[in-house]
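Heads up: the structure comes next, in structure tokens.
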Amino acid sequence: MLAALLWTLAALVGAVLLAVLILLATPLRLEGQLNWPSKAPLTVRLKLLGGLTPWIKLPSIPEAAKKPRKEPKERAWRPSAASISRMAGAAPSLIGACFKRIQFGPAEADLEFGFDDPAETGQLFGHLSPLLHGGGPVLPIALTVRPNFQGQVFAANASGSLSLTPITLVPPLIGFAGKVWWPWR
């Protein structure tokens, strides 16, 4: 009886590990949308198993539900200055390696801004114009910026998507850990 129970437990653990490995080894797709101002400004949807599953809406945190920030407690362990320096030196290569493994889809943003003083609105829009209407694609995003000279306002609508295979992020993370924490480097 005990042997059958142990074999069943081993089979369940093996099935769970196999399911996790399959989830990590197949591409996932994320889509996000930002609407500012609104009660829940960010919505994110997820598709697993290379797009075979239906869209899963990830929960967002509405602004009213955010908890007040607590004062940090005294921690016993703090990283050393040398460890922080090694992390800062290794972070750019980690970020670059991760970005190489992420495929970014189309992104677009629509921004509207205005100040109480229309002159300040015009001045900021004048400073942004060379970036927006420069000679060539400066940003890999379809960006629309509209000044509002009627009063103080900031509104933003943005959307984008990306696709990645989570297991491909493991080698850069191991390399980062090796550069930061392995003493014999």
Grab the two heavy atoms, one from [X] and one from [Y], that are nearest each other, plus how far apart they are.
X	Y	answer
Pro37	Phe154	CD-O, 3.8 Å
Leu169	Arg101	CD2-CB, 4.1 Å
Ile167	Pro171	O-CD, 3.7 Å
Phe125	Val145	CE1-O, 3.7 Å
Leu49	Thr53	CD1-CG2, 3.9 Å
Thr43	Lys57	CG2-CE, 4.2 Å

Check: [Y] and [X] side chains under 4.5 Å, non-hydrogen atoms:
X	Y	result
Thr168	Leu164	no
Pro27	Gln103	no
Thr121	Asn148	no

Shared ILVMFWY cluster between [X] and [Y], side chains joined below 4.5 angstrom?
X	Y	result
Leu18	Leu48	yes
Leu24	Val170	yes
Ile56	Leu162	yes
Val44	Leu46	yes
Leu17	Leu12	no

Straight-line distance of [X] [atom1] to [Y] [atom2], nearest 0.5 Å:
X	Y	atom1	atom2	value
Trp7	Leu2	CH2	CG	12.5 Å
Gln33	Glu108	CD	CD	8.5 Å
Phe104	Phe99	CZ	CZ	4.5 Å
Ser163	Ile102	OG	CD1	9.5 Å
Leu21	Thr26	CG	OG1	9.5 Å
Lys47	Leu28	NZ	CG	12.5 Å

With no hydrogens and no angle check, is any side-chain donor or acceptor of Thr8 less than 3.5 Å from a backbone partner on Ala4?
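Answer holds: yes.
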
